[in-house]
Structures are given as structure tokens and as C-alpha cells.
Amino acid sequence: MTNITAGTGATITATTIEGQFLQLIEYFQALESAAGNTTNFFAGTYDSDTLTFTGNFQVPIKSGDSLSLNFVGDPDAASFPSGTFSAGTTGTFTAPLAIDYFIQVVNRLISTQNDLAKNPTKLENISATLNLNRKQLSGNFSVPYTKAATSTGISINAATYLL
């Protein structure tokens with residue numbers, strides 16, 4: 001389990017990198033649904049038989065600093081979902097915009113997947129590609145999750161697969 005620190009007062013509160021990713025996908029999907037977006041930047045489906053959450057994402061980007069090959073999310077892209085978001089304080093991820101926070105989480109998650117000490121079974125549950133011509137970070141995911149009955153309904157959480 002790859003622990004991270006959720007920021008105090010943060011919108012995304014999971015304490016694992018896998019949990020942060022799942023909560024971010026859900027956050028953006030909720031924004032897309034509420035706004036009636038015709039462009040689907042985030043798609044995901046839960047399979048209750050295999051306990052796998054699969055889908056894809058397409059995040060618009062722009063050059064933050066072309067000399068250092070730095071890029072940031074482009075929240076001004078047509079129809080990109082927006083809403084109230086806070087990274088909180090003293091957390092592992094600090095980007096003030098949800099789109100950049102998502103990019104930080106994806107970058108750390110893929111970096112951790114590529115670390116054999118953290119991923120000895122070499123699972124590649126998330127992949128991403130940066131296309132500078134289309135100004136887009138796109139990827140696919142297939143992440144395990146757990147579910148449990150609670151007094152208020154069903155609780156769904158990301159299953160940890162990284163050490």
C-alpha cells in the first residue's frame with residue numbers, strides 16, 4: 001500500500017495513491033454529470049463480479065514551460081468540468097487546481113508502478129500517454145476496488161496493489 005498524506009481540509013481524502021486516483025475519477029465524473037457535459041473527459045465502469053474499476057481519461061494540457069518540458073492541465077479547454085476543489089494543506093499533492101492535482105497523482109502512480117520494490121508483480125493498472133500535438137494527456141485504467149456494506153449503504157474504496 002503506497003501511503004500518501006491527504007491535505008487537511010482537502011476535497012480528495014484517500015490516504016493511498018490508489019484511493020486518491022479513484023476519488024479523482026469519481027470527482028470529475030460527478031462534475032461532468034452535474035454540468036451535462038457533452039465531452040466525456042473521464043469514463044469509468046465498476047464490475048461487481050471482478051471488483052475492477054475500468055475506464056479512461058483525456059485531460060487537456062498546455063505548456064507550462066517549454067524549456068524544461070513542463071506541462072500543466074488546461075482547465076479552460078472547452079467543456080472541461082470545474083467545481084469547488086481544495087488540495088488542502090500539508091498534503092503530498094499540492095496543486096491548487098483539480099486538473100493539475102490529477103496530473104500529479106497520475107504521475108506518482110505510474111512512477112510507483114514502475115518501481116519494482118513497490119510493484120514486484122509488475123502490475124500496470126494505469127497507463128498514460130502525453131500527446132503534445134493534440135495537447136492531451138490520455139490514459140486507461142483497470143484498478144481493483146473493495147466494497148462493503150455499511151449502516152448508510154455500500155462503501156467502495158480502491159484496493160491497494162502497490163507496496
Side-chain angles (χ1 to χ4, degrees), residues 2-46 52-115 118-119 123-145 156-158 160-162:
T2 300
N3 288 323
I4 53 93
T5 302
T8 303
T11 302
I12 306 301
T13 59
T15 57
T16 65
I17 189 72
E18 300 94 337
Q20 288 266 317
F21 179 80
L22 186 140
Q23 284 185 7
L24 279 162
I25 296 291
E26 288 291 352
Y27 168 80
F28 282 117
Q29 284 189 307
L31 290 176
E32 286 179 334
S33 293
N37 279 8
T38 56
T39 303
N40 199 4
F41 293 95
F42 299 88
T45 303
Y46 288 97
T52 305
F53 182 49
T54 59
N56 60 70
F57 56 87
Q58 299 173 358
V59 178
I61 59 161
K62 60 185 175 182
S63 177
D65 178 3
S66 59
L67 293 177
S68 66
L69 299 177
N70 183 23
F71 67 93
V72 295
D74 186 0
D76 299 324
S79 301
F80 193 79
S82 64
T84 303
F85 178 83
S86 173
T89 57
T90 67
T92 303
F93 305 108
T94 58
L97 298 176
I99 190 171
D100 293 331
Y101 191 99
F102 179 78
I103 292 169
Q104 285 181 339
V105 169
V106 168
N107 186 44
R108 173 71 70 86
L109 190 49
I110 289 175
S111 174
T112 305
Q113 280 183 167
N114 291 336
D115 181 347
K118 300 261 184 196
N119 187 10
L123 293 171
E124 191 175 299
N125 291 346
I126 297 173
S127 62
T129 303
L130 182 63
N131 185 327
L132 296 176
N133 290 330
R134 295 187 66 206
K135 297 183 179 181
Q136 187 174 75
L137 173 68
S138 59
N140 297 301
F141 58 89
S142 181
V143 294
Y145 71 92
I156 294 178
N157 294 293
T160 56
Y161 63 93
L162 300 168

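Numbering of residues begins at 1 and proceeds along the displayed sequence. Predicted model only: the values in this text are computed from it and were never measured.
- Inter-residue side-chain proximity for Pro60 and Ile99 is flagged as met; some heavy-atom pair is nearer than 4.5 Å.
- Across all their heavy atoms, Ala6 and Ala14 have their closest contact at CB-O, 3.7 Å.
- Across Ser142 and Thr52, no two heavy atoms sit closer than the pair OG-CG2, 3.1 Å.
- Closest approach of Ile103 and Gly73 over heavy atoms only: CD1-N, 3.5 Å.
- Contacts of Thr11 classified as side chain to side chain contact (heavy atoms under 4.5 Å, CB included), with partners at least two apart in sequence or in another chain: Tyr27, Phe85, Ser86.
- Counting heavy atoms from C-beta outward, Phe42 and Asn56 have side chains that stay 4.5 Å or more apart.
- Atoms OG and CG, from Ser63 and Asp74 in turn, are 11.0 Å apart once rounded to the nearest 0.5 Å.
- Screening residues 93-106 for side chain to side chain donor-acceptor pair (under 3.5 Å) gives Gln20-Tyr101 as the qualifying pairs, with residues at least two apart or on separate chains.
- The heavy-atom pair separating Lys62 from Asp76 by the smallest distance is NZ-OD2, 4.4 Å.
- The distance from atom CD1 of Ile17 to atom CG of Asn3, rounded to the nearest 0.5 Å, is 10.5 Å.
- Residues Lys135 and Phe71 form no side-chain contact, since every pair of their non-hydrogen atoms from C-beta on lies 4.5 Å or further apart.
- At distances below 3.5 Å, at least one donor-acceptor pair connects side-chain atoms of Ser33 with backbone N or O atoms of Gln29.
- Remark: Phe21 CZ to Glu26 CD distance equals 11.0 Å, nearest 0.5 Å.
- Atom CG of Leu130 sits about 6.0 Å away from atom CG of Leu137, to the nearest 0.5 Å.
- A heavy-atom distance below 4.5 Å is found between the side chains of Phe102 and Val59.
- Using a 4.5 Å cut-off on side-chain heavy atoms (C-beta onward), Asn119 and Asn114 make no contact.
- Using a 4.5 Å cut-off on side-chain heavy atoms (C-beta onward), Ile25 and Phe141 make contact.
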Are Tyr161 and Gln113 close enough, and set up right, to give a side-chain hydrogen bond (donor to acceptor under 3.5 Å, both in side chains), and what steps lead you there?
-> CA-CA 9 Å; Tyr161 63 93; Gln113 280 183 167; 2.9 Å; yes

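- Within the 4.5 Å cutoff, the side chain of Ile4 has no heavy atoms near those of the Thr15 side chain.
- Annotation: side chain to side chain contact (heavy atoms under 4.5 Å, CB included) contacts of Asn133 (sequence neighbours excluded): Asn131.
- For Ser127, the side chain to side chain contact (heavy atoms under 4.5 Å, CB included) partners two or more places apart in sequence, or in a different chain, are Glu124, Asn140.
- A heavy-atom distance below 4.5 Å is not found between the side chains of Ile61 and Val72.
- A donor-acceptor pair under 3.5 Å is absent between the side-chain atoms of Glu18 and the main chain of Val143, judged by distance alone.
- With sequence neighbours left out, Phe80 forms a ring-ring contact (aromatic ring centres under 6.0 Å, His included) with Phe28, Phe41.
- Leu22 and Tyr145 make their closest contact through CD1-CB, 4.4 Å (heavy atoms, listed as atom of the first residue, atom of the second, distance).
- Nearest heavy-atom pair across Pro81 and Glu32 is CG-CG, 3.7 Å.
- Qualifying side chain to side chain contact (heavy atoms under 4.5 Å, CB included) partners for Thr5, counting only residues two or more places apart in sequence or in other chains: Thr92.
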